[in-house]
A.B. asks: 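I have a structure here, written as structure tokens, and I will follow up with some questions on it.
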Amino acid sequence: MVRVSLSTGEKGEFPSGVTVREVLEKLNPRILRDVLVAKIDGRLVDLSHKIEKDCVVEPVFFEDREGKETFWHSTAHVMAAAVKRLFPEAKVTIGPPIENGFYYDFDYHRSFTPEDLEKIEEEMKKLVEEDHPFERVEVSKEEAVKLFSDMGEDYKVELINEIPDHVVSLYKTDGFVDLCRGPHIPSTGRIGAFKLLSVAGAYWRGDESNKMLQRIYGVSFPTKKQLKEYLRFLEEAKKRDHRRLGKELKLFLIDEDVGPGLVIWLPRGAVVRKVIEDYWKKKHEEAGYQLVYTPHVGKGRLWEISGHLDFYRENMFPEMKIEEVSYFVKPMNCPFHIYVYTSELRSYRDLPFRLAELGTVYRYEKSGVLHGLMRVRGFTQDDAHIFCTPEQVEDEIKATVEFAISMLKDFGFNDFNIYVSTKPDKAIGSEDMWELATGSLVKAAEELGLEYEIEEGEGAFYGPKIDITINDAIGREWQCSTIQFDFNLPERFNLTYRDKDGKDKRPYMIHRALLGSLERFFGVLIEHYAGAFPVWISPVQVRVMNITDEQADYALEVADILKASGIRAEADVRNEKIGYKIREAEKEKIPYMVVVGNREKAEKTVSVRRKGRGQLGTMKLEELIAAVKNEIDNKITEV
RNA sequence: GCCGGCGUAGCUCAGCUGGUAGAGCAGGGCACUCGUAAUGCCCAGGUCGGCGGUUCAAGUCCGCCCGCCGGCUCCA
């Protein structure tokens, strides 16, 4: 007998070899309809798993992360089964769950078309209706190799040969057998709704030198309603797309005649940028940074010393020669900041030495990776470098992480994810340096009470880093801040400081960007707010509209007074109906719309409409100014 | 860069199997002087991404190039 208890509290005794499903039937039959898999001792198992010893069983549902993963993974199997039914020559490879759904890669002599996807969906529907169980079978590696090579599934054979265990597990769904660790949901009938979203090429094992496979993406849910909701989310994301809004709101322009990945900031967008820049500079000065400006190009020799020509050349715009001398456009600001550091003999008294610059850099990015403002070829980093002693590292890191978060909060982001990347296999710098640096990153996160994840081996070869990503209004994650140690450049440029003991020592160098780049950050802001910026950032804060020509002079006067109060205001005195003007202002997402008619003109008041809230009623001009100022000064981000 | 899709007026898009381009919005003009998301009428506007080719004839078919979109790889 085995004693089994559920994480929900129920307990019971069963004969050894009882399945998870049988246990649930006995102890908590109500959840049987929704439970997908179970967790025993931290391991996920099928409901058909046989229990041989005392344990606690934790039922897992779609609502759990692991439940979703299993659900999507199982759907990927169903899709593969459908593909094999329709295209028997297609070879299967891998089909994992991803953040929002799943994919499966196939090797097929041509790519799948949208029509193929429809057919595959139809076939999947049949498989779901037929409600096939996912059956687990364990076989020896030899047997598995024979089975899959007989079927001509070379990729599976390759995978099996890399598994260290002697026994591998297979899952059968109808006639389809797949090598798979599992577990799976009980049967295909559980997949209430699914949709295949797109086809794309993908390299076998993500390696450019390998064969390109056909990847099909999809999502699935237990109910149709959930699928509908997800599709609505995709629609919402589309509406917020910064490329679309950038055009609609006249914020920026990327034109093929100018060059792909090169951004032109239109006047409205430039206002937003100026607001960000002014704020950023003020905050940096307050935080003890010194602002500098550095050139856009530098001699080849400089990039040789820095090592960029060795390890970064493929991302740099090509060489140009001026009077026989080689120059490169800068892909990074660091070498220049180093020359600020070395412009004087530095003493330990000078440290920490913090330099900041909104430095515009150019990087050659492969054409296929460019994406609106998020991935461009010319961008302005909100860059800074901190030079400090080993003793100062911890405080500097902690202060920098705090600084990053306070800044992001001012822009209305309150939901963060923190990742600490540790030493990769190939790295420079001593073990001690890595330890001190990595330890300071972890400690900073811990002392600030932030949850973080360790990304093992994901650091750069020259040092560990901590990245901060933000979650936007509809839950999407964006990379912004990065704080990186650099053990490479101080060596290469032979940086030193004179310590108390009179000896010259090597400073630690920390490279960091808080917003990331102004371009990307702008893109994130646009998507987060769907173009309706908080008042302090909004290109136009107030638009004054008259009802008839009679109040045009008053509208202009009101706008002038607002402007004189430091508010970005403008008047719309065109001969149009008020409804039309309001509609335009709404579409332009202007936060404050002020209407003036004869009543307001006579009373010297204004009728105020706040975007997102509707009409606020009639008030004195001073009241309006106070309301707008309040939102600006306190950086109010919620309407 | 690689795989797939797309590229028609400033914008959003229509244009079946080849016969020589159309709508809405925006823009210009006129009338209307109007209370919180579209007043009406008129006008103008396109070497159909570029270059070649097939054809009596190409926006429609073929090739190459450029750009964009979705992925892969990479990343601020």
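The basis for the numbers below is simple: all heavy atoms, side chains too, and nothing from hydrogens, waters or symmetry mates. Chain letters run A, B, ... following the sequence lines, proteins first and then strands; every chain starts at 1.
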A.B. asks: Below the 4.0 Å mark, does B:rA37 have OP1 or OP2 next to a side-chain nitrogen or oxygen of A:R609?
C.D. replies: yes

A.B. asks: Does the side chain of A:S367 get closer than 4.0 angstrom to OP1 or OP2 of B:rG1 through an N or O atom?
C.D. replies: yes

A.B. asks: Is there a Watson-Crick or G-U wobble partner for B:rC2 with both distances under 3.5 Å, and which nucleotide is it?
C.D. replies: B:rG71

A.B. asks: Does a nitrogen or oxygen in the side chain of A:R375 sit under 4.0 Å from OP1 or OP2 of B:rA76?
C.D. replies: no

A.B. asks: What contact category does A:G597 fall into here, base, sugar-phosphate, or nothing, at under 4.0 angstrom with non-hydrogen atoms?
C.D. replies: base

A.B. asks: By nearest atom, which of the nucleotides B:rC69, B:rA76, B:rC72 is closest to the A:A202 side chain?
C.D. replies: B:rC72

A.B. asks: As a test of understanding, state which of A:R232, A:R240, A:K238 forms a salt bridge (charged side-chain N to carboxylate O under 4.0 Å, His left out) with A:E236.
C.D. replies: A:R240

A.B. asks: Using a cut-off of less than 4.0 Å, is there contact between a side-chain N or O of A:K581 and OP1 or OP2 of B:rC34?
C.D. replies: no

A.B. asks: Are any of A:Y592's side-chain N or O atoms less than 4.0 Å away from OP1 or OP2 of B:rU36?
C.D. replies: no

A.B. asks: Give one of base, sugar-phosphate or nothing for A:N598, where a contact means two heavy atoms less than 4.0 Å apart.
C.D. replies: base

A.B. asks: When you check the phosphate oxygens OP1 and OP2 of B:rC32, does a side-chain N or O of A:R574 lie under 4.0 Å from one of them?
C.D. replies: no

A.B. asks: Any donor-acceptor pair under 3.5 Å joining the side chain of A:E588 to the base of B:rA37?
C.D. replies: no

A.B. asks: Considering every strand shown, what is the Watson-Crick or G-U wobble mate of B:rA21 when both distances are under 3.5 Å?
C.D. replies: none

A.B. asks: Assign A:R599 to base, sugar-phosphate, or nothing according to its heavy-atom contacts below 4.0 angstrom with the strands shown.
C.D. replies: base

A.B. asks: Applying a 4.0 Å non-hydrogen cut-off, can you work out what A:G368 is touching in the nucleic acid: base, sugar-phosphate, or nothing?
C.D. replies: base

A.B. asks: Do A:Y203 and B:rC2 share a donor-acceptor pair, side chain to base, under 3.5 Å?
C.D. replies: yes

